[in-house]
2 protein chains.
Amino acid sequence: MAVTGELHDTVAARLQQGDSRYTRHRRALIEVLRVAKQPMTIAEILAVATDLPQSSVYRNLAVFEETGLVQRLVGAGDFGRFELAEDLLGHHHHLVCSSCGSMLDVELPAELEAELERALATLARRKRFQLHAHRLDLVGLCRDCAAAGRAS
Amino acid sequence: MAVTGELHDTVAARLQQGDSRYTRHRRALIEVLRVAKQPMTIAEILAVATDLPQSSVYRNLAVFEETGLVQRLVGAGDFGRFELAEDLLGHHHHLVCSSCGSMLDVELPAELEAELERALATLARRKRFQLHAHRLDLVGLCRDCAAAGRAS
DNA sequence: ATGAGTGCAAAGGCTTTGCATTAGG
DNA sequence: CCTAATGCAAAGCCTTTGCACTCAT
């Protein structure tokens, strides 16, 4: 969505609106998420950014989540995974590997996505549900795990 | 899907295949899930079945999950929710309330469901992903929370 | 300056486990 | 009978917090 350079400006601006500061650690955290090809667990983030103290990561992810800059997902394992929010990354869905727990971003064909949205809106209306968003995950084995032949 | 009476037989049979027993507690747990109109958290289960010790609930849900009789879901809050597996309950999706965390089962129009499945299969093939299942959640405000006007 | 952010370590809270006991088949 | 299941309480583990210090604006 936003160009690499723009991202940090967007984040900075959004944070300042809430009297929050865009500190070195926060910048590093956003950078980790930007570079990642997939939603990350906190453990993964800590492994990559060894200089970030655990508590800062937890606290800043919470701040980002409240600010709507980052969203928490849940894949196959039991841990949450974090990625940049959809308005920064664009709407998409996930390939969730039930063997290794990885999550990969994918986009639906625009046509289907549009039809799905229409249908869900209708369904929500019928159920008196105030629809804000939808999540669609494909669950199965990622390329690597399928090749490795493990089925767990 | 299965008629009420059949359910317990099905569960019993499935458990016996794995050298597991269908005990009083397990029966009670399945019954709680059967009666529930929506996926339940462990706290909710414990509140309803006050005679079930916590550790039994945890252990038995784990057993059921491994046996494929129950599946764990994650809604809006941070807790897992449990419901009978799809082959017992039928394929469906969820209305997830981001205010109160409740989850309600819903079915997609069969036509759309079929088309969605076709499209996802194609997508998976293209990504070399071995698709086993999909999850689709509608996120927003349930009828009650929307009426109450709370937006959190 | 001056309050948000940080860092360490302690506290918290849900979940899992150990072990002796009970009960299902 | 023999092994799985149970129940209590202890142990685990990820996450959250308290508090004094530091840095961004």
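Residue numbers start from 1 in every chain, and the chains themselves are labelled A, B, ... in the order their sequence lines are given, proteins ahead of strands. Below, all heavy atoms of this structure are taken into account, side chains as well, without hydrogens, waters or symmetry copies.
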Q: Tell me yes or no: between the side chains of A:H92 and A:E113, is some donor less than 3.5 Å from an acceptor?
A: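 No, A:E113 and A:H92 have no side-chain donor paired with an acceptor closer than 3.5 Å.
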Q | Under 3.5 Å side-chain donor-acceptor pair for B:D105 and B:H94 | A |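 B:H94 and B:D105 do have a side-chain donor-acceptor pair below 3.5 Å.
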**Q.** Selection residues 67-76 of chain B - residue pairs positive for salt bridge (Lys or Arg N to Asp or Glu O under 4.0 Å), sequence neighbours left out
**A.**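 Qualifying pairs, neighbours excluded: A:D78-B:R72, B:E65-B:R72.
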Q. How would you list all residue pairs meeting salt bridge (Lys or Arg N to Asp or Glu O under 4.0 Å) that involve residues 115-126 of chain A, not counting sequence neighbours?
A.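 Of all non-adjacent pairs touching residues 115-126 of chain A, none passes salt bridge (Lys or Arg N to Asp or Glu O under 4.0 Å).
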Could you tell me the separation between the [atom1] atom of [X] and the [atom2] atom of [N], rounded to a whole number of Å?
X	N	atom1	atom2	value
A:Q17	C:dA4	CD	P	17 Å
B:L29	D:dA5	CG	C1'	13 Å
A:L52	C:dC8	CG	C1'	15 Å
A:Q54	C:dA11	CD	C1'	14 Å
B:I30	D:dA5	CD1	P	14 Å
A:L46	D:dC13	CG	P	17 Å
A:N60	D:dA24	CG	P	13 Å
B:L61	D:dT6	CG	C1'	15 Å

Q | Relative orientation of the end axes in the helix from C:dA1-D:dT25 to C:dG25-D:dC1, expressed as an angle to the nearest 10° (five pairs per end) | A |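 Inter-axis angle at the termini of the helix from C:dA1-D:dT25 to C:dG25-D:dC1: 50°.
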Q. Reckon A:H25 has a side-chain N or O less than 4.0 Å from the OP1 or OP2 of D:dC23?
A.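 Answer is no, no contact under 4.0 Å.
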Q. Hey, is the side chain of B:Y58 poking within less than 4.0 Å of OP1 or OP2 on C:dT16, counting only N and O atoms?
A.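 B:Y58 to C:dT16 OP1/OP2: no side-chain N or O under 4.0 Å.
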Q.
Tell me which residues in residues 62-80 of chain B lie within less than 4.0 Å of DNA chain C, going by non-hydrogen atoms.
A.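 B:F79, in order of number.
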**Q.** Any donor-acceptor N/O pair, A:S99 side chain to A:C145 backbone, under 3.5 Å
**A.**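 It does not hold such a pair.
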Q: Using the side-chain hydrogen bond (donor to acceptor under 3.5 Å, both in side chains) rule, collect all pairs that involve residues 11-22 of chain A, keeping only residues at least two apart or in two chains.
A: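 Sorted pair list: A:H8-A:Y22, A:R14-A:D87.
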Q. Side chain of B:P53: nearest nucleotide among C:dG7, C:dT15, D:dG7?
A.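 That would be D:dG7.
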(Q) Taking the six-membered ring for Trp, are B:H91 and B:H134 closer than 6.0 Å centroid to centroid? (A)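 When the ring centroids of B:H91 and B:H134 are compared, they turn out to be within the sub-6.0 Å range.
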Q | Heavy-atom closest contact (A:M40 atom, A:E44 atom, distance) | A |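 Taking every non-hydrogen atom into account, CA-OE1, 3.3 Å.
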Q. Is the count of non-hydrogen atoms from other residues, nucleotides or ligands lying under 6.0 Å from A:R24 atom CZ greater than 12?
A.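 Open: at most 12 neighbouring heavy atoms sit under 6.0 Å from CZ of A:R24.
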Q) Are A:L131 and A:L123 side-chain neighbours, meaning at least one heavy-atom pair lies under 4.5 Å? A)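 Result no, sub-4.5 Å side-chain heavy-atom pair not found.
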Q. Side-chain contact, heavy-atom cut-off 4.5 Å: B:L33 with B:I45?
A.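 The answer is yes; the side chains approach within 4.5 Å.
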Q.
One character per nucleotide, please: for nucleotides 18-25 of chain C, 5' to 3', B when the base has a protein heavy atom closer than 4.0 Å, S when only the sugar-phosphate does, - otherwise.
A. B----BBS
